[in-house]
Amino acid sequence: MTQKEQIKTSKFLSLVLRHRPDTIGLTLDKNGWADTKELLEKVNSNDLSLTFDELKTVVENNDKKRFLFSADFSKIRANQGHSIEVDLELKEKVPPEKLFHGTAEKNLLSIQEKGLIKGQRQHVHLSSEKETAYQVGKRYGKPIVLTINTGEMHRQGQKFFQSQNGVWLVDRVLPTFITFP
Ligand code: HQG
């Protein structure tokens, strides 16, 4: 598989495992798992072609480790980023003192007013690395990195979770906890 084919497949998997499983007639269980065999059958009956080995390559090589197989490979799910309601059974975790959120400059006024809200997704996403946040922000326009006072949020009772692939997840961030550039 070429790099390009892997990226294309990863994008398609993000669509069906995070947002729209119905596009190929797939259903996810309440914890977000798809049956691997069923996923492959449905993908291949939709004018696309994907073998188990190719799927494994995409999961293993994925730059952000977006997907996870169950131990016996019978199930697969996305590690985070869902817009459909799934229970990833994440355990609460104490965050570091500071985390980062990358956004586009055009969102700043609204964020100053309302804080960070989750929009379509199940959580607001925060990164432990400034550079990662910068790359996330770049997707929507001129990137801006916000520093979040996560230590204080946690001391005031906010719950934090971390996905299997290291993304910090939180319900919302009030403007008082955000340092603007
Ligand atoms: C912005 C990628 C105006 C927020 C990344 C963001 C991430 C507001 C956008 C994951 C706002 C939502 C998620 C407010 C938040 N007013 N704009 N009050 N509050 N926003 O895509 O965090 O590559 O749903 O700043 O790595 O950008 O897909 O969230 O710009 O982990 O695996 O509203 O997606 O992962 O956009 O990205 P998104 P996100 P993958």
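What you see is a predicted model; the values in this text were computed from it and never measured. Order of appearance sets the numbers: ligands from 1, and atoms from 1 within every ligand.
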- Task: For ligand 1, would you mind listing the residues that have at least one heavy atom less than 4.0 Å away, ordered by chain and number?
- Result: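 Contacting ligand 1 under 4.0 Å are Arg18, Lys64, Arg66, Gln80, His101, Thr103, Asn107, Ser110, Ile111, Lys114, Gly115, Leu116, Ile117, Arg121, His125, Val136, Arg139, Tyr140.
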
Tabulate below the donor-acceptor pairs under 3.5 Å that side-chain atoms of residues 128-140 make, not counting sequence neighbours, or state none.
residue	atom	partner	partner atom	Å
Glu131	OE2	Gln135	NE2	2.6
Arg139	NE	Val136	O	3.0

Between [X] and [Y], what is the shortest heavy-atom contact and its length?
X      : Y      : result
Ser163 : Leu169 : CB-CD1, 4.1 Å
Val124 : Asp171 : CG2-O, 3.9 Å
Gln80  : Val167 : CD-CG2, 3.9 Å
Leu40  : Leu50  : CD2-O, 3.5 Å

- State whether Arg66 and Asp63 are salt-bridged, where the test is any N-O pair (Lys NZ or Arg NE/NH1/NH2 against Asp/Glu carboxylate O) under 4.0 Å.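 Looking at Asp63 together with Arg66, the answer is yes, because their closest N to O distance falls below 4.0 Å.
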
